[in-house]
Each structure stands twice: as C-alpha cells, then as structure tokens.
Number of protein chains: 2
Amino acid sequence: MKIGELSKATGTNIETIRYYERIGLLPAPARTDANYRSYGPDHRSRLSFVRHSRELGFTIEEIRSLLDLSDHPDRDCGEADRIASTHLEQVEAKIAQLSALRDELTRIVGRCRGGAAADCRVIEALGDHGQCGGAH
Amino acid sequence: MKIGELSKATGTNIETIRYYERIGLLPAPARTDANYRSYGPDHRSRLSFVRHSRELGFTIEEIRSLLDLSDHPDRDCGEADRIASTHLEQVEAKIAQLSALRDELTRIVGRCRGGAAADCRVIEALGDHGQCGGAH
DNA sequence: CTTGACCCTGTAGTTGCTACAGGATGCATA
DNA sequence: TATGCATCCTGTAGCAACTACAGGGTCAAG
C-alpha cells in the first residue's frame, strides 16, 4: 500500500508517517519504480502500535523501548510493565495537578460582575498568589 | 534589582525572564552602566502575574490579553472572565481525557506475570486497539 | 591580582509533530 | 496527444514555551 492508503488505514497524517520513519520509529519501506513508499501489513501493525501508544500518552522514547521489546520476544516482559506503570503514575499525578488547578480556576471565574477591569476579581486573583489554596 | 535577584524573588529561571522580555511579555527594564538589567517593583509584580497565570495553564497569548486588560483599567472586565472560563473548560476536558486514559492504562498494567515479551499482555494490548474501552 | 559569581548577546536544542516550497509521477478525460 | 488533478517525493522551517550552551564582559572579596 502507498503512504496515502496507510495514512487512511491508521488515521495517521502522511507527514507524521514520514516523520516516524525519519526518526527511526518505523523501518524504511521498499520503494516502487517511481520512488513511492510501499508498505505491507507489518508496517501497518507497527504504526498502529505506535499510534495507540501515543494516544495513551507514551513518549516517543518510551515507545521505542516498547517496540524494542516487542521485536525481541525472548526478552523479559518486566520492562514493558515498568514503563507502563511509571507512565500510569505520571498520568495520575497530572490528573491530581489539573484537579487542583480546576479548583483554583473555579474559585477565580464567575466572580466577575461585569464592571471595569480596575475592579476585576479575575485579574486581581491572577496577580495575587496569596489568594490561592496553596496547591501550586 | 538585578536579574538574578528577580529570578530568586519570583522563582523564575533567568533565561525565562529574558525570554519573556524578548517576546514582549515583560517590558525592557533600565540598564546599569555595565549594561545589566535593572528591575523595579512593577516588573516584579508583572512577572509574578505571568508566572501565576502560567502555573494555572494559561498560554502566553492568553496572558498577553490578560495583561493588556490589566494595563487598561477602564476596559470591560468581561473579556478576562471569558478567557478564564474558556480555560477552565479546557482544563475540565483535559481531566476527563486523562481519566479515561488512566482507566485504560490501569487495565493494561499489572497483567504482566513476568514471563517473556512474546506473551506480554502489555505489549499485546498496545498493539490491539480492540481491547480498549473505546474511550479514544 | 586573581578567583569565582554573576551578567551580557546570540544561537541552537527540546517534543511531536505540521506546513510549506518546488518538483516528479500516475491516471482519467477532452 | 494534451492537460488537468491527485498523489507522491525531498528538504526545510515553523509551532509552544522554554532551556542550554558558547564566548565573552563585570564586579567584589581575599
């Protein structure tokens, strides 16, 4: 399949596919006589793996490690679990951080009575950290 | 105060302060004979405003608008409230997205029995989108 | 008078893409 | 046969919001 077809099949931007090849995340495929990239099913599943991992928020480097493991089925699986667990912890930390932030913002917005900016509670709150709940 | 003092006073990296000046978020301060930047209390509070807003996740462009409002106390405050409300919505959306992601990751990790990568459930799940809850 | 901490400018790197510019190819239609 | 038009190619530059040098100047203490 050509790059446009792979793009549609996996929901990945064409430029992104070429980018993944450039950084060595996807192997360079064979070329047609016209120098067009020609992909097979292996490329497709590898790209799906990458996209799915990206959707789950793994970084490119993490995905590189995960792909490496998947390319060496004899290796120990613990590393994959470790990467995923660490990532899960980071996601949980991020959720906690954003929740604190949401509480903060909720406190700030909605206090506007529509007056002049001079009396604006929103702007006042942004300038004065002392009004915060201490979450950050 | 010199840039290093401002840096410590606001918890902002020196390079970041110079960056903010370069992009026009902070006004260029006066210079000493030795060409050192010399800041006053106004710079300090403006930088605090910027840092606090950044901690709350506002983009540089949003902060530019908020600063603009704060520089023109006669303007209507509604714009500030609108920016903050929109941002709050985005934060809430992000939390929802990350929560779905956390559920997904929770399902994936911890299924590893420590065997070979060939049988790894983590890697398997990443390759097979069909195992997902459909959240993404 | 030298050592070390600080400051300066300017440029390049980071992450994960995305968007061209400028050109070649493939296929269908007039 | 000509001519569109979609698709492909390479290479480079841009995005956000910093961060990290390189290569130099300044200043206060010992």
Side-chain angles (χ1 to χ4, degrees), chain A residues 1-26 28-39 43 46-67 83 86-87 90-91 94 97 101 136, chain B residues 1-26 28-39 43 46-67 83 86-87 90-91 94 97 101 136:
Chain A
M1 67 201 318
K2 284 189 287 181
I3 198 168
E5 298 167 280
L6 182 63
S7 165
K8 265 163 202 151
T10 61
T12 313
N13 201 319
I14 288 180
E15 326 264 40
T16 305
I17 297 174
R18 286 198 281 248
Y19 167 70
Y20 286 160
E21 178 183 330
R22 204 161 58 241
I23 64 171
L25 211 55
L26 294 183
R31 297 289 183 127
T32 68
D33 290 349
N35 199 32
Y36 285 12
R37 286 173 178 83
S38 179
Y39 297 98
H43 288 101
R46 195 177 180 91
L47 179 53
S48 295
F49 185 102
V50 170
R51 288 313 298 169
H52 192 196
S53 302
R54 283 295 299 135
E55 276 167 16
L56 290 172
F58 289 96
T59 66
I60 298 283
E61 287 316 304
E62 285 167 337
I63 295 170
R64 225 185 269 280
S65 302
L66 291 168
L67 280 171
I83 292 172
T86 302
H87 182 54
Q90 284 165 7
V91 169
K94 188 79 192 171
Q97 190 209 329
L101 208 145
H136 53 267
Chain B
M1 69 201 319
K2 284 190 286 181
I3 198 169
E5 297 168 278
L6 182 63
S7 166
K8 263 163 203 150
T10 61
T12 312
N13 200 318
I14 288 180
E15 325 264 42
T16 304
I17 297 174
R18 286 197 281 247
Y19 167 70
Y20 286 160
E21 179 183 331
R22 205 162 57 241
I23 64 172
L25 211 56
L26 295 183
R31 297 290 183 126
T32 67
D33 290 349
N35 200 32
Y36 286 11
R37 286 172 179 81
S38 179
Y39 297 97
H43 288 101
R46 195 177 181 91
L47 179 54
S48 295
F49 185 102
V50 170
R51 288 313 298 170
H52 191 195
S53 303
R54 284 294 299 133
E55 276 167 16
L56 290 172
F58 289 97
T59 67
I60 298 283
E61 286 316 304
E62 285 167 337
I63 296 170
R64 227 185 267 281
S65 302
L66 291 168
L67 280 172
I83 292 172
T86 303
H87 182 55
Q90 285 165 6
V91 169
K94 188 81 192 169
Q97 191 209 329
L101 210 144
H136 54 265

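Values below: every heavy atom of this structure, side chains too, minus hydrogens, waters and symmetry copies. In what follows, chains carry the letters A, B, and so on, assigned in the order in which the sequence lines appear, proteins first and then strands, with residues in each chain numbered from 1.
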Participant: If only side-chain N and O atoms of Arg31(A) are considered, is one of them under 4.0 Å from the OP1 or OP2 phosphate oxygen of dT10(D)?
Facilitator: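 So the side-chain polar atoms of Arg31(A) do come within 4.0 Å of the phosphate oxygens OP1 or OP2 of dT10(D), strictly under.
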Participant: DNA chain C: Arg51(A) or Ser38(B), which has the more 5' nearest nucleotide?
Facilitator: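 Nearer the 5' end of the strand: Ser38(B).
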Participant: With sequence neighbours excluded, what pairs up with Glu21(A) under the salt bridge (Lys or Arg N to Asp or Glu O under 4.0 Å) test?
Facilitator: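 Glu21(A): salt bridge (Lys or Arg N to Asp or Glu O under 4.0 Å) contacts with Arg37(A).
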Participant: So what does Ile23(B) hit on the nucleic acid, given a heavy-atom distance under 4.0 Å: a base, only sugar-phosphate, or nothing?
Facilitator: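 The residue Ile23(B) makes no contact with any strand.
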Participant: What's Arg18(B) touching, base or sugar-phosphate or nothing? Going by heavy atoms closer than 4.0 Å.
Facilitator: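 If one applies the 4.0 Å heavy-atom cut-off, Arg18(B) turns out to touch a base.
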Participant: Under the salt bridge (Lys or Arg N to Asp or Glu O under 4.0 Å) test, which residues partner Arg51(B), sequence neighbours left out?
Facilitator: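 Salt bridge (Lys or Arg N to Asp or Glu O under 4.0 Å) check on Arg51(B) returns nothing, list empty.
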Participant: Please figure out whether Glu61(B) or Lys2(A) has its closest DNA chain D nucleotide nearer the 5' end.
Facilitator: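 So the residue in question is Lys2(A).
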Participant: Tabulate atom names and distances for all N/O pairs under 3.5 angstrom spanning the protein and nucleotides 23-27 of chain D.
Facilitator:
residue: dG25(D); atom: N2; partner: Tyr36(B); partner atom: OH; Å: 2.9
residue: dT26(D); atom: O4'; partner: Tyr36(B); partner atom: OH; Å: 3.4

Participant: Between Tyr20(A) and Lys8(B), which has a closest nucleotide on DNA chain C that is more 5'?
Facilitator: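 Result: Lys8(B).
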Participant: With a cut-off of 3.5 Å and sequence neighbours excluded, list every side-chain donor-acceptor pair involving residues 2-10 of chain A.
Facilitator:
residue: Glu5(A); atom: OE1; partner: Lys2(A); partner atom: N; Å: 2.7
residue: Ser7(A); atom: OG; partner: Thr12(A); partner atom: O; Å: 2.6
residue: Thr10(A); atom: OG1; partner: Leu6(A); partner atom: O; Å: 2.9
residue: Thr10(A); atom: OG1; partner: Thr12(A); partner atom: OG1; Å: 2.8

Participant: Which of these nucleotides, dA17(D), dC9(D), dA20(D), is closest to any side-chain atom of Thr59(B)?
Facilitator: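 Given the options dA17(D), dC9(D), dA20(D), the side chain of Thr59(B) is closest to dA17(D).
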Participant: Ile17(A) CD1 to dT10(D) C1': how many Å, rounded?
Facilitator: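 Interatomic distance, CD1 of Ile17(A) to C1' of dT10(D): 16 Å.
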Participant: Arg31(B): which residues meet the side-chain hydrogen bond (donor to acceptor under 3.5 Å, both in side chains) condition with it, sequence neighbours left out?
Facilitator: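 Testing Arg31(B) for side-chain hydrogen bond (donor to acceptor under 3.5 Å, both in side chains), a comparison that skips the adjacent residues, returns Asn35(B).
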Participant: Okay, side chain of Arg18(A), backbone of Arg22(A): is any donor-acceptor separation there less than 3.5 Å?
Facilitator: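 Checking the backbone N and O of Arg22(A) against the side chain of Arg18(A), no donor-acceptor pair under 3.5 Å is found.
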Participant: Go through the steps for Leu25(A) and Tyr19(A) under the test side-chain contact (heavy atoms from CB on, under 4.5 Å), then give the verdict.
Facilitator: CA-CA 9 Å; Leu25(A) 211 55; Tyr19(A) 167 70; over 6 Å; no
Participant: Below 4.0 Å from chain B heavy atoms, what is the first contacting nucleotide of DNA chain C and what is the last?
Facilitator: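 Range of nucleotides touched by chain B: dC6(C) to dT9(C).
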Participant: Using atom CE of Met1(A) as one end and atom P of dT7(D) as the other, report the distance to the nearest whole Å.
Facilitator: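 The answer, rounded to whole Å, is 14 Å.
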Participant: For dC18(D), does OP1 or OP2 lie under 4.0 Å from any side-chain N or O of Arg54(B)?
Facilitator: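 True: Arg54(B) side-chain N/O within range (under 4.0 Å) of dC18(D) OP1/OP2.
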Participant: State, to 0.1 Å, how close Ser38(B) and Pro29(B) come at their nearest heavy-atom pair, and which atoms those are.
Facilitator: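 The pair with the smallest heavy-atom distance is O-CB, 3.4 Å.
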Participant: Donor-acceptor pair, distance only, cut-off 3.5 Å: does the side chain of Arg46(A) make one with the backbone of Val50(A)?
Facilitator: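 Here the side-chain-to-backbone pair does not exist.
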Participant: Could you tell me how far apart Glu5(A) (CD) and dC8(D) (P) are, to the nearest whole angstrom?
Facilitator: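 Rounded to the whole Å, the gap is 7 Å.
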Participant: In whole Å, what is the span from the CD atom of Glu55(B) to the C1' atom of dA17(D)?
Facilitator: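 Rounded to the whole Å, the gap is 15 Å.
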Participant: Which whole-number value in Å describes the distance from Tyr19(A) OH to dA13(D) P?
Facilitator: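 Distance check: Tyr19(A) OH to dA13(D) P gives 17 Å.
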Participant: Indicate yes or no for a side-chain donor-acceptor contact from His87(A) to the backbone of Leu56(A) under 3.5 Å, with no hydrogens or angles considered.
Facilitator: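 Answer holds: yes.
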